[in-house]
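Below is one structure, written out as structure tokens; the observations come after it.
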Amino acid sequence: QVHLVQSGGGLVQAGGSLTLSCAAPGRSFSTYGLGWFRQYPGKEREFLGAISWSGSSTYYVESMKGRFTISRDTANNAVYLQMNSLKPEDTAVYYCAAGPAVSSDYVPRTFDNWGQGTQVTVSS
């Protein structure tokens with residue numbers, strides 16, 4: 001089990017940028033890949049992308065390419081979601097999640113540890 005703590009989020013104007021952080025206090029992320037999701041009210045969580053535990057491999061769903069970037073700081077056991085050119089439709093609760101990795105370059109598609117979620121609101 002990995003306890004994930006998220007930070008960042010908040011209110012931003014359309015066109016602005018925001019960075020979300022996800023950390024595992026006192027615990028190494030090694031052997032876990034990390035992913036980011038978002039959830040609209042009344043909807044299922046939507047997968048955005050993920051990164052391997054080494055940080056060398058990433059995967060993004062097509063709609064996220066170009067605006068969102070996932071990065072990893074292995075020294076500080078943190079993962080980030082950099083969001084640029086934000087739109088009102090990006091307003092949602094964002095979650096990070098950890099999933100077991102079979103290798104350092106493996107980008108997981110299943111996740112079993114979740115952060116608490118953080119609200120992102122983009123005003124028009």
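Note that the numbering runs from 1 along the sequence shown for the chain. Just so it is clear, the model here is predicted, and its values are computed rather than measured.
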Side-chain touch [X]/[Y], heavy atoms, less than 4.5 angstrom:
| X | Y | result |
| --- | --- | --- |
| Phe37 | Phe111 | yes |
| Asp112 | Pro100 | yes |
| Leu34 | Arg72 | yes |
| Arg38 | Tyr40 | yes |

Stepwise side-chain hydrogen bond (donor to acceptor under 3.5 Å, both in side chains) check, Asp105 with Ser52: CA-CA 5 Å; Asp105 294 334; Ser52 63; 4.7 Å; no
Taking atom [atom1] of [X] and atom [atom2] of [Y], what is their separation to the nearest 0.5 Å?
| X | Y | atom1 | atom2 | value |
| --- | --- | --- | --- | --- |
| Trp53 | Asn77 | CH2 | CG | 11.0 Å |
| Asn84 | Thr69 | CG | OG1 | 6.5 Å |
| Gln82 | Trp36 | CD | CH2 | 11.5 Å |
| Thr58 | Met64 | OG1 | CE | 14.0 Å |
| Cys22 | Ile51 | SG | CD1 | 11.5 Å |
| Phe68 | Leu20 | CZ | CG | 8.5 Å |

Cation-pi, Tyr59 ring and Arg109 (6.0 angstrom, 45 degrees):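 Because its charged atom sits under 6.0 Å from the ring centre and within 45° of the axis, Arg109 does stack over Tyr59.
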Those residues that, when tested against Val93, pass side-chain contact (heavy atoms from CB on, under 4.5 Å) (two or more places apart):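 Tyr95, Gln119.
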Trace of the side-chain hydrogen bond (donor to acceptor under 3.5 Å, both in side chains) decision for Ser123 with Gln13: CA-CA 5 Å; Ser123 62; Gln13 288 188 332; 5.0 Å; no
Treating [X] as the side-chain partner and [Y] as the backbone partner, does any N or O pair qualify as donor plus acceptor under 3.5 Å?
| X | Y | answer |
| --- | --- | --- |
| Thr118 | Ser7 | no |
| Tyr60 | Ile70 | yes |
| Gln6 | Gly117 | yes |

Heavy-atom pair of closest approach, residues Pro88 and Ser124: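 What the structure gives for the nearest pair is CG-CB, 3.8 Å.
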